[in-house]
> 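Structure in structure tokens, see below.
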Amino acid sequence: MQTRAPEEPEVREFSAEVVGVDDRTVTLDHTYFYAESGGQPADRGTLDGTRVADVQKGEETVRHTLASVPEFDVGDTVTGVIDDDFRTYCMRAHTASHVLYGAGRRLLEDLGYGGFDISGEKVRVDFTTSTDIDDETLVELERLTNRTVWDSRGVGWEAVPTEEATAREDVAFNTKTEEGVMDDADTVRIVDIDGWDVAACGGTHVSNTREIGPVTVLDRSNPGEGLTRVEFAVGPSGIDRGADRHRALRETAAALETNVDDLAETAAAIRTERDDLEARVRDLERAAVSDAIDDFETVTRGDTSWRLGVLDGVDPNDAGEAAKDAVGDSDVVVAVGGDERPYLVVAAGHDSDVHAGSVVDDVTDTYGGGGGGGPPFAQGGGLDASPDDVLDAVRAWEPRE
């Protein structure tokens, strides 16, 4: 005995004979409770007033797990009541997933069905496809799905001989998630959305797409195994999500002193302006660092001119780039930055006969920290000394023999 729910999804109350009781697990001679399968959760409801906590398929039976040990026994006739709100939600959500897949047939290349799941807040469909589902494609999937809901297409189901079903190119199969659809059966249950989608499926469905209501596509992700996951919401959660997005769009438009229709163009213009401002600030910061290096103390040692100083509030990488820009062929530029555990950067011209890496190595040998580099440039950090102590060490530096 299997559940009658997929064939008669509108039934919400029924009477059945109890054929087995094992603690809290009950089996009936027939049932309209949907057993969890293929990504659709088990129905909620009661048996003779006791809450049904779970419904699962057995080899030949459907097992109803109750919230407590029942007072009835084998041979009794009980009344099953299925939670109307949750069953209706699952019917709408499951059919919506087929509609979304039908939209995918029209937008995505090399399409395959990789998974499906209904939760209380959202529904997911996993696609295998060679098409990159970008933002524009995601929006078009939502548009086509809602248009199909509006078109009020009929939804039907029938058992088709397995050999005939597997030979049809228009039927979407997923034996991984639709467990039991193929299982060596002589027939396959086919769900057909008129002129839109055909799929092997054992779930419960509405009889017309208009019963689904609005569909709000939420996001996409890549869960692995070559899949693209699209998540959407139906029912109250879908309506609330759509309203939240509309509110956010209008609030954003108001904050940017534009309207919703021009929001994308305005945002793009603001981003361009921001990028330009960031570039100008960056140029000004570099110029300020360059000016600071020009004002460094100059020390002549032999034929080499050393410029040494402290850079306040300058990132070590920025200091390094500025030092490299400022150094001449026969110069050495030394910059120290940071109040606690300062850094040191050294840039040496190729005619200076100074190995920048050796300077940094000797300073870190004295004051700890770490770093290194080659002849033209080196840097270190985490020095256990004040910036002035570091500069004094560089002033006293002598190349190793």
Side-chain angles (χ1 to χ4, degrees), residues 132 221-226 268 270-401:
D132 178 24
S221 60
N222 298 103
E225 299 182 358
I270 291 174
R271 183 176 60 187
T272 298
E273 183 179 354
R274 179 207 64 190
D275 292 344
D276 290 343
L277 288 172
E278 287 181 348
R280 290 170 61 188
V281 169
R282 192 74 174 158
D283 289 343
L284 290 171
E285 289 175 343
R286 288 172 178 165
V289 174
S290 178
D291 289 344
I293 290 176
D294 288 342
D295 292 336
F296 276 3
E297 170 193 4
T298 301
V299 176
T300 301
R301 301 175 62 180
D303 295 329
T304 303
S305 177
W306 291 63
R307 279 184 285 164
L308 308 92
V310 175
L311 293 175
D312 292 324
V314 178
D315 179 85
N317 292 325
D318 291 342
E321 292 302 315
K324 285 188 281 187
D325 290 341
V327 72
D329 291 344
S330 58
D331 295 341
V332 178
V333 174
V334 178
V336 180
D339 295 329
E340 297 182 4
R341 314 289 298 187
Y343 65 79
L344 165 69
V345 297
V346 180
H350 58 79
D351 292 334
S352 68
D353 293 330
V354 173
H355 191 295
S358 294
V359 177
V360 170
D361 288 344
D362 288 347
V363 173
T364 55
D365 285 346
T366 301
Y367 294 118
F377 179 78
Q379 67 183 70
L383 304 174
D384 188 13
S386 69
D388 288 339
D389 289 341
V390 175
L391 288 179
D392 287 343
V394 174
R395 291 189 187 96
W397 179 82
E398 295 288 345
R400 299 177 184 178
E401 295 297 332

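The model shown is predicted, which means the values in this text are computed figures rather than measured ones. Quick note: numbers below take in every heavy atom, side chains included, and nothing from hydrogens, waters or symmetry partners.
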> For the residue pair Tyr343 and Leu311, establish whether any side-chain heavy-atom pair is separated by less than 4.5 Å.
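A side-chain contact under 4.5 Å exists here.
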> Using every non-hydrogen atom in the two residues, find where Ala378 and Val360 come nearest and quote the distance to one decimal.
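Minimum heavy-atom contact is CB-CG2, 3.6 Å.
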> For the CG atom of Asp325 and the CZ atom of Arg286, what is their distance to the nearest 0.5 Å?
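Here the interatomic distance stands at 8.0 Å.
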> Hey, does the Lys NZ or Arg CZ of Arg301 hover above the aromatic six-ring of Trp306, less than 6.0 Å from the centre and inside 45° of the axis?
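Arg301 over Trp306 ring: yes.
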> Would you give the length of the straight line joining atom CG of Asp331 to atom CG of Asp329, rounded to the nearest 0.5 angstrom?
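Between Asp331 CG and Asp329 CG, I get 8.0 Å after rounding to 0.5 Å.
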> Donor-acceptor pair, distance only, cut-off 3.5 Å: does the side chain of Thr304 make one with the backbone of Ser352?
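Side chain of Thr304 to backbone of Ser352: a pair is present.
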> In this structure, are over 12 heavy atoms from other groups packed under 6.0 Å from Arg280 atom CZ?
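Counting neighbours around CZ of Arg280, 12 or fewer heavy atoms of other residues, nucleotides or ligands fall under 6.0 Å, so no.
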> For residues Val333 and Ile293, determine if any side-chain heavy atom of one lies less than 4.5 Å from a side-chain heavy atom of the other.
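When only atoms from C-beta onward are counted, Ile293 and Val333 do touch, with a gap below 4.5 Å.
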> For Pro387 versus Val310, what's the shortest heavy-atom pair and its separation?
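Closest pair (atom of Pro387, atom of Val310, distance): CB-CG2, 4.0 Å.
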> Report the C-alpha distance between Trp397 and Val354 in whole Å, list the side-chain angles of each, state the deciding distance to 0.1 Å, and finish with yes or no for side-chain contact (heavy atoms from CB on, under 4.5 Å).
CA-CA 11 Å; Trp397 179 82; Val354 173; 4.2 Å; yes
> Any side-chain heavy atom of Leu344 sitting closer than 4.5 Å to one from Val394?
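The answer is yes; the side chains approach within 4.5 Å.
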> Indicate yes or no: at least one non-hydrogen side-chain atom of Gln379 is less than 4.5 angstrom from one of Asn317.
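Yes, at least one pair of side-chain atoms sits under 4.5 Å.
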> How long is the gap from OG1 on Thr366 to CG on Asp389, to the nearest 0.5 Å?
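Reported to 0.5 Å precision, the distance equals 11.0 Å.
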> With a 4.5 Å heavy-atom cut-off, do Val327 and Val332 have their side chains touching?
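A side-chain contact is absent here, since even the closest heavy-atom pair is not under 4.5 Å.
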> Could you state the interatomic distance from CZ (Arg307) to CG (Asp294), rounded to the nearest 0.5 Å?
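It is 6.0 Å, given to the nearest 0.5 Å.
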> For Tyr367 versus Ala385, what's the shortest heavy-atom pair and its separation?
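Reported closest heavy-atom pair: CD2-CB, 3.4 Å.
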> What closest approach, in Å, do Pro342 and Val336 show between heavy atoms, and which atom pair accounts for it?
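So the minimum-distance heavy-atom pair works out to CB-CG1, 4.0 Å.
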> Measuring from Thr272:OG1 to Leu277:CG, what's the distance to the nearest 0.5 Å?
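Thr272 atom OG1 to Leu277 atom CG measures 11.0 Å (nearest 0.5 Å).
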> Is it the case that over 12 heavy atoms from other parts of the model lie below 6.0 angstrom from the CG atom of Asp303?
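Atom CG in Asp303 is not crowded, with 12 or fewer foreign heavy atoms closer than 6.0 Å.
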> Using a 4.5 Å cut-off on heavy atoms from C-beta on, say whether the side chain of Asp384 contacts that of Arg341.
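Yes - at least one pair of side-chain heavy atoms lies under 4.5 Å apart.
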> Taking the side chain as every heavy atom from C-beta outward, state whether Asp318 and Arg282 have any atom pair closer than 4.5 Å.
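Asp318 reaches Arg282 side chain to side chain.
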> Could you tell me the separation between the CG atom of Asp132 and the CG atom of Asn222, rounded to the nearest 0.5 Å?
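Atom-to-atom, Asp132:CG and Asn222:CG are 8.5 Å apart.
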> Any salt bridge linking Arg395 with Asp392? Criterion: basic side-chain nitrogen under 4.0 Å from a carboxylate oxygen.
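The answer is yes: the pair qualifies as a salt bridge.
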> Counting only heavy atoms not in Glu278, do more than 12 sit closer than 6.0 Å to its CD atom?
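Atom CD in Glu278 is packed in, count exceeds 12.
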